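Written out below as C-alpha coordinates is the structure these notes cover.
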Amino acid sequence: MPELPEAETIVRGLRPALHGKVISRARVLRADILRTSPTRFRERVAGRRIQHVGRRGKNIVMELDPPAFLVVNLGMTGRLLTLPSASPSTHPAVRFTLDDGGVLIYDDVRRFGAVEILTPDEWESRSAAMGPEPLDGRFTGRDMFARLQASRSPIRSWLLDQRRVAGVGNIYANEALWRARVHPARPANTLTRKEGVALHRAIRSVLLSAIEHGGTTLRNYRDASGKRGNNASRLCVYGRVRKPCIRCGTEIERIVFGNRSAFLCPECQPREKHHT
DNA sequence: AGTGTATCCTGCAGGC
DNA sequence: TGCCTGCAGGATACAC
(Lines give C-alpha, C1' and ligand atoms only; values in the text may rest on other atoms or scores of the structure.)
Protein backbone atom coordinates (compact mmCIF):
# COMPACT_ATOMS: atom_id res chain seq x y z
CA MET A 1 0.00 0.00 0.00
CA PRO A 2 0.14 3.23 0.52
CA GLU A 3 2.69 3.76 3.22
CA LEU A 4 3.08 6.90 5.30
CA PRO A 5 3.84 9.33 2.43
CA GLU A 6 0.86 8.12 0.41
CA ALA A 7 -1.48 8.33 3.41
CA GLU A 8 -0.14 11.83 4.16
CA THR A 9 -0.70 12.95 0.56
CA ILE A 10 -4.27 11.67 0.67
CA VAL A 11 -4.90 13.41 3.99
CA ARG A 12 -3.68 16.73 2.62
CA GLY A 13 -6.00 16.39 -0.34
CA LEU A 14 -8.96 15.30 1.77
CA ARG A 15 -8.69 17.96 4.45
CA PRO A 16 -10.06 20.98 2.54
CA ALA A 17 -12.87 18.91 1.03
CA LEU A 18 -13.98 17.29 4.27
CA HIS A 19 -13.21 19.66 7.12
CA GLY A 20 -16.36 20.71 8.95
CA LYS A 21 -18.67 18.65 6.74
CA VAL A 22 -21.34 16.39 8.17
CA ILE A 23 -21.55 12.80 6.92
CA SER A 24 -25.23 12.47 6.12
CA ARG A 25 -25.03 8.79 5.32
CA ALA A 26 -22.81 5.87 4.36
CA ARG A 27 -23.61 3.15 1.87
CA VAL A 28 -21.76 -0.13 2.27
CA LEU A 29 -21.16 -2.02 -0.96
CA ARG A 30 -18.54 -4.45 0.32
CA ALA A 31 -19.14 -5.45 3.92
CA ASP A 32 -15.84 -7.31 4.30
CA ILE A 33 -14.08 -3.93 4.38
CA LEU A 34 -15.73 -3.19 7.73
CA ARG A 35 -14.97 -4.85 11.05
CA THR A 36 -18.57 -4.63 12.19
CA SER A 37 -21.99 -5.08 10.66
CA PRO A 38 -22.99 -2.63 7.91
CA THR A 39 -26.03 -1.59 9.93
CA ARG A 40 -24.03 -0.75 13.00
CA PHE A 41 -21.45 1.06 10.87
CA ARG A 42 -24.02 3.19 9.07
CA GLU A 43 -25.75 4.11 12.30
CA ARG A 44 -22.55 5.12 14.00
CA VAL A 45 -21.27 7.25 11.12
CA ALA A 46 -24.43 9.07 10.07
CA GLY A 47 -24.92 12.59 11.35
CA ARG A 48 -21.41 13.16 12.66
CA ARG A 49 -19.32 16.17 11.71
CA ILE A 50 -15.74 15.78 10.49
CA GLN A 51 -13.71 17.88 12.91
CA HIS A 52 -10.25 16.89 11.80
CA VAL A 53 -8.60 14.83 9.07
CA GLY A 54 -5.26 13.39 10.12
CA ARG A 55 -2.93 10.43 9.91
CA ARG A 56 -1.30 7.94 12.27
CA GLY A 57 1.29 5.73 10.61
CA LYS A 58 -0.38 4.45 7.46
CA ASN A 59 -3.87 5.09 8.79
CA ILE A 60 -6.08 7.98 7.72
CA VAL A 61 -7.94 9.16 10.78
CA MET A 62 -11.00 11.37 10.84
CA GLU A 63 -12.02 12.79 14.15
CA LEU A 64 -15.80 13.14 14.31
CA ASP A 65 -18.29 14.98 16.47
CA PRO A 66 -20.10 13.67 18.46
CA PRO A 67 -16.76 12.03 19.40
CA ALA A 68 -15.79 9.01 17.31
CA PHE A 69 -12.94 8.12 14.98
CA LEU A 70 -13.29 7.01 11.39
CA VAL A 71 -10.11 5.06 10.71
CA VAL A 72 -9.08 3.94 7.22
CA ASN A 73 -6.26 1.52 6.50
CA LEU A 74 -5.73 1.27 2.76
CA GLY A 75 -4.19 -2.20 2.76
CA MET A 76 -2.52 -2.81 -0.60
CA THR A 77 -4.91 -1.19 -3.03
CA GLY A 78 -7.24 1.08 -1.07
CA ARG A 79 -8.14 4.57 -2.28
CA LEU A 80 -10.07 7.43 -0.77
CA LEU A 81 -11.52 9.48 -3.58
CA THR A 82 -13.44 12.72 -3.46
CA LEU A 83 -15.72 13.20 -6.44
CA PRO A 84 -15.30 14.26 -9.12
CA SER A 85 -12.05 12.33 -9.38
CA ALA A 86 -9.45 12.00 -12.10
CA SER A 87 -9.64 8.22 -11.88
CA PRO A 88 -13.00 6.52 -11.73
CA SER A 89 -13.90 4.31 -8.80
CA THR A 90 -13.66 0.80 -10.24
CA HIS A 91 -14.16 -1.13 -7.00
CA PRO A 92 -16.20 1.01 -4.64
CA ALA A 93 -16.59 -0.50 -1.17
CA VAL A 94 -18.03 2.31 0.96
CA ARG A 95 -19.67 5.51 -0.25
CA PHE A 96 -20.13 8.47 2.08
CA THR A 97 -22.51 11.30 1.26
CA LEU A 98 -21.83 14.68 2.83
CA ASP A 99 -24.33 17.34 3.82
CA ASP A 100 -23.02 19.68 1.11
CA GLY A 101 -23.72 17.08 -1.55
CA GLY A 102 -20.07 15.97 -1.74
CA VAL A 103 -19.18 12.30 -2.05
CA LEU A 104 -16.27 10.35 -0.57
CA ILE A 105 -15.62 6.84 -1.84
CA TYR A 106 -13.49 4.14 -0.32
CA ASP A 107 -12.39 2.00 -3.26
CA ASP A 108 -10.31 -1.17 -2.96
CA VAL A 109 -9.58 -3.77 -5.65
CA ARG A 110 -8.19 -6.44 -3.35
CA ARG A 111 -10.14 -5.49 -0.23
CA PHE A 112 -7.25 -5.94 2.17
CA GLY A 113 -8.04 -2.53 3.60
CA ALA A 114 -10.35 -1.63 6.46
CA VAL A 115 -12.76 1.18 7.27
CA GLU A 116 -13.64 1.31 10.95
CA ILE A 117 -15.63 3.53 13.25
CA LEU A 118 -14.14 3.51 16.76
CA THR A 119 -14.92 5.07 20.11
CA PRO A 120 -12.30 7.49 21.44
CA ASP A 121 -11.14 4.80 23.89
CA GLU A 122 -10.82 2.20 21.18
CA TRP A 123 -8.84 4.58 19.00
CA GLU A 124 -6.61 5.62 21.87
CA SER A 125 -5.57 2.07 22.66
CA ARG A 126 -5.11 1.27 18.97
CA SER A 127 -2.83 4.26 18.56
CA ALA A 128 -0.96 3.49 21.77
CA ALA A 129 -0.01 0.09 20.37
CA MET A 130 1.73 1.74 17.42
CA GLY A 131 5.31 2.91 17.41
CA PRO A 132 6.43 6.54 17.18
CA GLU A 133 5.71 8.75 14.18
CA PRO A 134 8.98 8.84 12.25
CA LEU A 135 8.55 12.49 11.28
CA ASP A 136 7.77 13.59 14.82
CA GLY A 137 10.55 15.46 16.63
CA ARG A 138 10.22 13.02 19.50
CA PHE A 139 11.48 10.23 17.26
CA THR A 140 15.22 10.51 17.77
CA GLY A 141 18.20 8.57 16.48
CA ARG A 142 19.30 7.92 20.04
CA ASP A 143 15.97 6.37 20.93
CA MET A 144 15.81 4.28 17.83
CA PHE A 145 19.32 2.96 18.31
CA ALA A 146 18.51 1.96 21.88
CA ARG A 147 15.47 0.03 20.73
CA LEU A 148 17.39 -1.64 17.89
CA GLN A 149 19.74 -3.08 20.45
CA ALA A 150 16.91 -4.95 22.11
CA SER A 151 15.95 -6.91 18.99
CA ARG A 152 17.56 -9.66 16.98
CA SER A 153 15.05 -9.56 14.13
CA PRO A 154 16.27 -8.58 10.66
CA ILE A 155 16.34 -4.81 10.38
CA ARG A 156 13.94 -4.76 7.43
CA SER A 157 11.38 -6.77 9.44
CA TRP A 158 11.97 -4.45 12.37
CA LEU A 159 11.15 -1.44 10.20
CA LEU A 160 7.97 -3.05 8.84
CA ASP A 161 6.64 -3.78 12.32
CA GLN A 162 4.13 -1.00 13.03
CA ARG A 163 4.61 -1.43 16.77
CA ARG A 164 8.23 -0.31 16.40
CA VAL A 165 7.89 2.58 13.97
CA ALA A 166 4.56 3.65 12.48
CA GLY A 167 4.13 4.13 8.77
CA VAL A 168 7.15 2.50 7.16
CA GLY A 169 6.32 -0.16 4.56
CA ASN A 170 8.33 -2.27 2.17
CA ILE A 171 9.23 0.43 -0.35
CA TYR A 172 10.57 2.97 2.12
CA ALA A 173 12.19 0.37 4.38
CA ASN A 174 14.27 -0.81 1.43
CA GLU A 175 15.03 2.72 0.28
CA ALA A 176 16.12 3.84 3.74
CA LEU A 177 18.37 0.79 4.18
CA TRP A 178 20.04 1.47 0.85
CA ARG A 179 20.66 5.09 1.79
CA ALA A 180 22.09 4.08 5.14
CA ARG A 181 24.15 1.29 3.51
CA VAL A 182 22.69 -1.38 5.77
CA HIS A 183 21.85 -4.90 4.54
CA PRO A 184 18.12 -5.59 5.08
CA ALA A 185 18.72 -8.97 6.75
CA ARG A 186 21.14 -7.70 9.38
CA PRO A 187 19.89 -8.41 12.90
CA ALA A 188 18.78 -5.09 14.40
CA ASN A 189 21.13 -5.43 17.35
CA THR A 190 24.20 -5.73 15.10
CA LEU A 191 23.86 -2.19 13.78
CA THR A 192 26.51 0.15 15.09
CA ARG A 193 25.46 3.45 16.63
CA LYS A 194 26.65 5.15 13.48
CA GLU A 195 24.55 2.87 11.30
CA GLY A 196 21.52 3.27 13.56
CA VAL A 197 21.76 7.02 13.40
CA ALA A 198 22.31 6.96 9.64
CA LEU A 199 19.24 4.75 9.26
CA HIS A 200 17.15 7.06 11.40
CA ARG A 201 18.12 10.01 9.21
CA ALA A 202 17.53 7.97 6.06
CA ILE A 203 14.02 6.99 7.13
CA ARG A 204 13.10 10.60 7.69
CA SER A 205 14.60 11.93 4.48
CA VAL A 206 13.14 9.14 2.35
CA LEU A 207 9.66 9.73 3.78
CA LEU A 208 9.88 13.53 3.53
CA SER A 209 11.08 13.40 -0.04
CA ALA A 210 8.31 10.97 -0.99
CA ILE A 211 5.71 13.31 0.53
CA GLU A 212 7.17 16.22 -1.44
CA HIS A 213 6.66 14.21 -4.60
CA GLY A 214 3.12 13.14 -3.80
CA GLY A 215 3.89 9.52 -2.92
CA THR A 216 4.90 6.49 -4.98
CA THR A 217 2.54 5.08 -7.59
CA LEU A 218 3.60 1.62 -8.72
CA ARG A 219 0.16 0.54 -9.85
CA ASN A 220 -2.83 1.33 -7.74
CA TYR A 221 -2.01 4.27 -5.56
CA ARG A 222 -3.92 7.48 -6.25
CA ASP A 223 -4.32 10.62 -4.16
CA ALA A 224 -7.70 11.96 -3.01
CA SER A 225 -8.33 13.60 -6.37
CA GLY A 226 -7.41 10.44 -8.26
CA LYS A 227 -3.95 11.54 -9.38
CA ARG A 228 -0.82 9.40 -9.42
CA GLY A 229 2.18 10.14 -7.21
CA ASN A 230 5.50 11.24 -8.73
CA ASN A 231 7.94 9.48 -6.46
CA ALA A 232 8.35 6.18 -8.34
CA SER A 233 11.09 7.53 -10.60
CA ARG A 234 13.13 8.51 -7.56
CA LEU A 235 13.34 5.03 -6.07
CA CYS A 236 16.94 3.85 -5.81
CA VAL A 237 16.57 0.13 -5.03
CA TYR A 238 12.95 -0.92 -4.69
CA GLY A 239 11.97 -3.00 -7.72
CA ARG A 240 15.32 -2.43 -9.44
CA VAL A 241 16.54 -6.06 -9.59
CA ARG A 242 19.49 -6.55 -11.96
CA LYS A 243 19.72 -2.83 -12.63
CA PRO A 244 22.88 -0.96 -11.70
CA CYS A 245 23.20 0.61 -8.26
CA ILE A 246 23.03 4.36 -8.67
CA ARG A 247 26.01 4.78 -6.35
CA CYS A 248 28.41 2.07 -7.51
CA GLY A 249 27.04 0.35 -10.60
CA THR A 250 26.77 -3.10 -9.03
CA GLU A 251 23.63 -5.03 -9.94
CA ILE A 252 20.79 -4.72 -7.45
CA GLU A 253 19.75 -8.05 -5.91
CA ARG A 254 16.37 -9.26 -4.80
CA ILE A 255 16.15 -11.59 -1.81
CA VAL A 256 13.08 -12.89 -0.01
CA PHE A 257 12.49 -13.19 3.70
CA GLY A 258 9.63 -12.54 6.04
CA ASN A 259 7.42 -13.28 3.04
CA ARG A 260 8.44 -10.07 1.29
CA SER A 261 10.95 -9.07 -1.35
CA ALA A 262 13.95 -7.09 -0.23
CA PHE A 263 16.16 -5.18 -2.66
CA LEU A 264 19.77 -4.29 -2.02
CA CYS A 265 23.11 -3.45 -3.49
CA PRO A 266 25.48 -6.23 -2.42
CA GLU A 267 28.43 -3.84 -2.68
CA CYS A 268 27.00 -0.89 -0.74
CA GLN A 269 25.08 -3.04 1.73
CA PRO A 270 27.32 -5.97 2.65
CA ARG A 271 25.78 -8.61 4.89
CA GLU A 272 29.03 -8.92 6.80
CA LYS A 273 31.56 -6.25 7.42
CA HIS A 274 34.25 -6.52 4.83
CA HIS A 275 37.80 -5.32 5.04
CA THR A 276 39.16 -3.25 2.21
C1' DA B 1 11.41 -13.73 20.82
C1' DG B 2 11.75 -14.84 16.08
C1' DT B 3 10.79 -17.33 11.74
C1' DG B 4 8.47 -19.52 8.07
C1' DT B 5 3.92 -20.32 6.25
C1' DA B 6 -0.62 -19.39 5.05
C1' DT B 7 -4.63 -16.42 4.50
C1' DC B 8 -7.64 -12.63 2.89
C1' DC B 9 -8.52 -10.90 -2.80
C1' DT B 10 -7.91 -9.30 -7.62
C1' DG B 11 -5.23 -8.08 -11.55
C1' DC B 12 -1.33 -7.87 -14.35
C1' DA B 13 2.96 -9.23 -16.70
C1' DG B 14 5.65 -12.68 -18.68
C1' DG B 15 6.61 -17.35 -20.54
C1' DC B 16 5.06 -20.86 -23.56
C1' DT C 1 -5.57 -16.02 -28.11
C1' DG C 2 -5.28 -18.69 -23.88
C1' DC C 3 -3.37 -20.85 -19.92
C1' DC C 4 -0.18 -20.96 -16.30
C1' DT C 5 2.86 -19.05 -12.75
C1' DG C 6 4.56 -15.54 -9.95
C1' DC C 7 4.19 -11.24 -8.07
C1' DA C 8 2.10 -7.05 -5.65
C1' DG C 9 2.58 -0.89 -1.36
C1' DG C 10 -0.50 -4.86 4.28
C1' DA C 11 -1.80 -7.27 8.39
C1' DT C 12 -2.71 -11.25 11.07
C1' DA C 13 -2.83 -15.94 12.87
C1' DC C 14 -0.57 -20.25 13.37
C1' DA C 15 2.89 -23.84 14.50
C1' DC C 16 7.55 -24.55 15.76
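A note on names: the letters A, B, ... follow the listed sequences, proteins ahead of strands, and every chain is numbered from 1. No hydrogens, no waters, no symmetry mates; every other heavy atom, side chains included, goes into these values. As the structure is a computational prediction, the values presented were derived from the model and not from experiment.
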*Between C:dG10 (P) and A:Arg79 (CZ): distance, integer Å*: 16 Å
*Atom CD of A:Glu6 and atom C1' of C:dA8: how far apart are they, to the nearest Å?*
14 Å
*Calculate the interatomic distance between A:Arg260 atom CZ and C:dA8 atom C1'; express it in whole Å.*
9 Å
_Under 4.0 Å, counting only non-hydrogen atoms across every strand here, what does A:Arg30 touch: a base, just sugar-phosphate, or nothing?_
nothing
*A:Arg222 and A:Thr217: side chain donor to acceptor below 3.5 Å*: no
*Is the closest basic N to carboxylate O distance between A:Asp32 and A:Arg30 below 4.0 Å?*
no
*Nucleotide range of DNA chain B contacted by chain A, 5' to 3', under 4.0 Å to a heavy atom?*
B:dG2 to B:dG11
*Base-paired stems in DNA chain C, each at least three Watson-Crick or G-U pairs under 3.5 Å*: B:2-8 with C:10-16, B:10-16 with C:2-8
*Between C:dA11 atom C1' and A:Leu74 atom CG, what is the distance in whole Å?*
13 Å
*A:Thr192 and A:Lys194 side chains, donor-acceptor separation under 3.5 Å*: no
*Within 6.0 Å of CZ in A:Arg247, more than 12 heavy atoms from elsewhere*: yes
*Have A:Tyr172 and A:Glu6 got a donor and an acceptor in their side chains that come within less than 3.5 Å?*
yes
*asked:* Between A:Arg234 and A:Glu175, does any NZ, NE, NH1 or NH2 come within less than 4.0 Å of an OD or OE carboxylate oxygen?
replied: no
*Contacts to DNA chain B from residues 106-116 of chain A, heavy-atom cutoff under 4.0 Å, which residues?*
A:Val109, A:Arg110, A:Arg111, A:Phe112
*Charged N-O contact under 4.0 Å between A:Lys243 and A:Glu251*: no
*Answer with yes or no whether the side chains of A:Arg254 and A:Ser261 bring together a donor and an acceptor at under 3.5 Å.*
yes
_Does C:dA11 have OP1 or OP2 under 4.0 Å away from a side-chain N or O of A:Asn73?_
yes
*asked:* Below 4.0 angstrom, which residues in residues 233-245 of chain A have at least one non-hydrogen atom near DNA chain C?
replied: A:Tyr238
*Under a 4.0 Å heavy-atom cut-off, which of residues 143-162 of chain A touch DNA chain B?*
A:Ser151, A:Arg152, A:Ser153, A:Pro154
*Sequence neighbours left out, what pairs pass side chain to side chain donor-acceptor pair (under 3.5 Å) with at least one residue falling in residues 150-160 of chain A?*
A:Ser151-A:Ser153, A:Arg156-A:Asn170
*asked:* I'd like the P distance from B:dA6 over to C:dT5, given in whole Å.
replied: 16 Å
*In whole angstrom, give the distance that lies between atom CZ of A:Arg35 and atom P of C:dA13.*
11 Å
*asked:* Can you see whether A:Thr77 engages A:Asp108 through a side-chain donor-acceptor pair at a distance of less than 3.5 angstrom?
replied: yes
*Salt bridge between A:Asp65 and A:Arg49, side-chain N to carboxylate O under 4.0 Å?*
no
_Please report the distance, rounded to the nearest Å, between CE in A:Met76 and P in C:dT12._
14 Å
*Side-chain donor-acceptor pair present, A:Asp121, A:Thr119, cut-off under 3.5 Å*: no
_If you count every heavy atom of other residues, nucleotides or ligands that lies below 6.0 Å from A:Arg35 atom CZ, does the total exceed 12?_
yes
*Measure up the A:Phe263 and A:Tyr238 rings against each other and bin them: parallel (under 30°), tilted (30 to 60°), perpendicular (over 60°).*
perpendicular
*Pairing of A:Arg12 and A:Glu8 as salt bridge, 4.0 angstrom limit*: yes
*Determine the interatomic distance between P on B:dC9 and the same-named atom on C:dC3; round to the nearest Å.*
23 Å
_Spatial distance of atom OG (A:Ser89) from atom CG (A:Leu81) [nearest 0.5 Å]_ = 6.0 Å
